[in-house]
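Worth saying up front: this structure is predicted, and the values here are computed from it rather than measured.
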Amino acid sequence: HHHDASLFFDDDGKVYLFYGTGQLRQLKSDLSDVEPGGIDQKIFERDADEQGLLEGSQAFKHNGRYYVMMISMDWSIPGRLRREVCYRADQITGPYEKKVILETEFQGYGGVGQGCIVDSPDGNWYGFIFQDRGGIGRVPTLMPCHWVDGWPVLGDAEGRVPDSMVMKNSDLFPDECKGSIMGSDDFRNTRLSLNWQWNHNPLDDCWSLTERSGFLRLKTGRVVDNLFLAPNTLTQRMSAPKCSGTVAMDVSKMKDGDVAGFTAFNGLSGVLAVVKENGKKHLVMSVQSVSLSDKEKKVTDVKIEEKERITCKKDFVYLRIDDDFANKKDDATFY
């Protein structure tokens, strides 16, 4: 088990995984397996200041040196922030030296850590590091990166993550890099927008954009007991601090047992759905939470708390969710 692995291709054609806390493993060049007799060793040990979480390896090579960036967090030290550390060496097996390259509070959510650096076509460098923000999840942050004495130092001149910044020479970036991870869709194209993600690998014969122009058609591929097992669940990422989404659904062809709806979807989910039972449709609001087995991650239990149920006499319904993540509210309101 190669925890939080970073795949690395060296200049000489050899391939490695940096993983765990300072572990290095050589792979076969075709990535089919580990290399028999290849490098398999611990390349550095924790120092006295690294007794907590140290993971999330991101490895790269710059000017002939090897670098591994990692998140560092120690909850046993009062006031210790999540931070980003970097290890570097002249040889892939070490010895490695360490530097803290980002340690700053950001917008009331604590520190920022885990990610990597990227360079742009014009030669500028940026840190691309996430921050945990409760219900909105792991939020990517972008910040300047400056090379100082051979170290990638993150943040502005004071070592902080800026609230906003202007990208220099943004005309160098292709148009497909300027979009949003969220977006409206009238489903008139024959391909799904890249704003969408399937929660499971979809059953491709159970959805279509072409059977009815201007509609995404969803069919029941297999009968399951709950939302968390439903394969064709189409999602978009929510955004902070606030966002809103509306869907229109034609539910005229639903069969007994079918459920079609709109959800603020996570381990704890709000669900507003049309349910058809005994030939009648109802609009049902519920809160649903899932339990998973630690080893297999299988669904072991789903608790459903029904809030309200009313008769649905329409064949065309509009559902809306307003989300408020400001000041750690993490609220979803359904209409």
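Of the charged side-chain nitrogens involved, none lies within less than 4.0 Å of a carboxylate oxygen, so that E97 and K99 do not count as a salt-bridged pair. By the 4.0 Å N-to-carboxylate-O rule, K242 lies too far from D323 to be salt-bridged with it.
Here the side chain of D74 pairs a donor or acceptor atom with the backbone of S76 at under 3.5 angstrom. Checking side-chain atoms of T21 against main-chain N and O of E55 turns up no donor-acceptor pair under 3.5 Å. Of the possible donor and acceptor atoms, none in the side chain of R320 sits under 3.5 Å from a partner among the backbone N and O of T333. Side-chain atoms of S6 come within 3.5 Å of backbone atoms of A59 as a donor-acceptor pair (strictly under, hydrogens ignored). Judged purely by atom type and a 3.5 angstrom limit, D33 has no side-chain atom pairing as donor or acceptor with the backbone of K28. Here the side chain of Q131 pairs a donor or acceptor atom with the backbone of G110 at under 3.5 angstrom. Put simply, the side chain of D185 gets close to the backbone of F187: a donor and an acceptor are under 3.5 Å apart. With hydrogens and angles disregarded, no donor-acceptor distance shorter than 3.5 Å links the side chain of R46 to the backbone of G22.
The 12-atom threshold is exceeded at CG of D204, counting heavy atoms of other residues, nucleotides or ligands nearer than 6.0 Å. Counted within 6.0 Å of CG on D12, heavy atoms from surrounding residues, nucleotides or ligands total more than 12; the atom is thus considered enclosed. Around atom CG of L194, no more than 12 heavy atoms belonging to other residues, nucleotides or ligands sit under 6.0 Å away.
Screening residues 263-274 for side-chain hydrogen bond (donor to acceptor under 3.5 Å, both in side chains) gives no qualifying pairs among residues at least two apart or on separate chains. For residues 126-146, the pairs satisfying salt bridge (Lys or Arg N to Asp or Glu O under 4.0 Å) are R82-D132, D132-R138, with sequence neighbours left out.
Residues passing the ring-ring contact (aromatic ring centres under 6.0 Å, His included) test with F215, sequence neighbours excluded: none. Checked against salt bridge (charged side-chain N to carboxylate O under 4.0 Å, His left out), E308 has no partners two or more places apart in sequence or in another chain. Checked against side chain to side chain donor-acceptor pair (under 3.5 Å), S293 has the following partners two or more places apart in sequence or in another chain: E296.
Scanning both residues, R83 and L102, for their nearest heavy atoms gives CB-O, 3.1 Å.
Criterion: ILVMFWY side-chain heavy atoms under 4.5 Å apart, direct or through other members. Under it, V15 and Y19 are part of a common hydrophobic cluster. When the side chains of ILVMFWY residues are joined at heavy-atom separations under 4.5 Å, either directly or via intervening members, M165 and F128 end up in a single hydrophobic cluster. Side-chain heavy atoms closer than 4.5 Å link hydrophobic residues (I, L, V, M, F, W, Y) into clusters, and following such links, possibly through other members, connects M285 to V251.
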Given the rule in the side-chain contact (heavy atoms from CB on, under 4.5 Å) test, do I129 and M143 qualify, once you have shown the distances and angles that lead to the verdict? CA-CA 8 Å; I129 314 291; M143 68 201 71; 3.8 Å; yes
What do the steps show when you test L192 against W198 for side-chain contact (heavy atoms from CB on, under 4.5 Å), and what is the final call? CA-CA 11 Å; L192 273 178; W198 293 105; 3.8 Å; yes
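Taking the six-membered ring where the residue is Trp, the centroids of W125 and F60 are separated by 6.0 Å or more.
Taking OG1 from T210 and CG from N189, the interatomic distance works out to 12.0 Å, rounded to the nearest 0.5 Å. Distance check, rounded to the nearest 0.5 Å: CG of L81 to CD of E105 gives 7.0 Å. With rounding to the nearest 0.5 angstrom, the OH atom of Y335 is 11.0 Å from the CD1 atom of I321. To the nearest 0.5 Å, atom CZ of residue F325 and atom CE of residue M238 are 5.0 Å apart. Here D90 contributes atom CG and R88 contributes atom CZ; the two are 8.0 Å apart, rounded to the nearest 0.5 Å. In this structure, the separation between OG on S57 and NE2 on H3 is 8.5 Å, given to the nearest 0.5 Å.
Using a 4.5 Å heavy-atom cutoff, the side chains of S286 and V271 are in contact.
S208 and R217 share no side-chain donor-acceptor pair at under 3.5 Å. With no hydrogens or angles considered, no side-chain donor-acceptor pair links Q91 and T93 at under 3.5 Å.
Residue V85 shares its hydrophobic cluster (ILVMFWY side chains chained together at separations under 4.5 Å) with F8, Y16, F18, L24, I39, I43, F44, L54, Y66, V68, M70, Y87, I92, Y96, V100.
Checking each of D258, D256, D315 against K281 for a salt bridge (charged side-chain N to carboxylate O under 4.0 Å, His left out) leaves exactly one that passes, namely D315. Screening E50, E45, E84 against K98 for a salt bridge (charged side-chain N to carboxylate O under 4.0 Å, His left out) leaves a single residue, E50.
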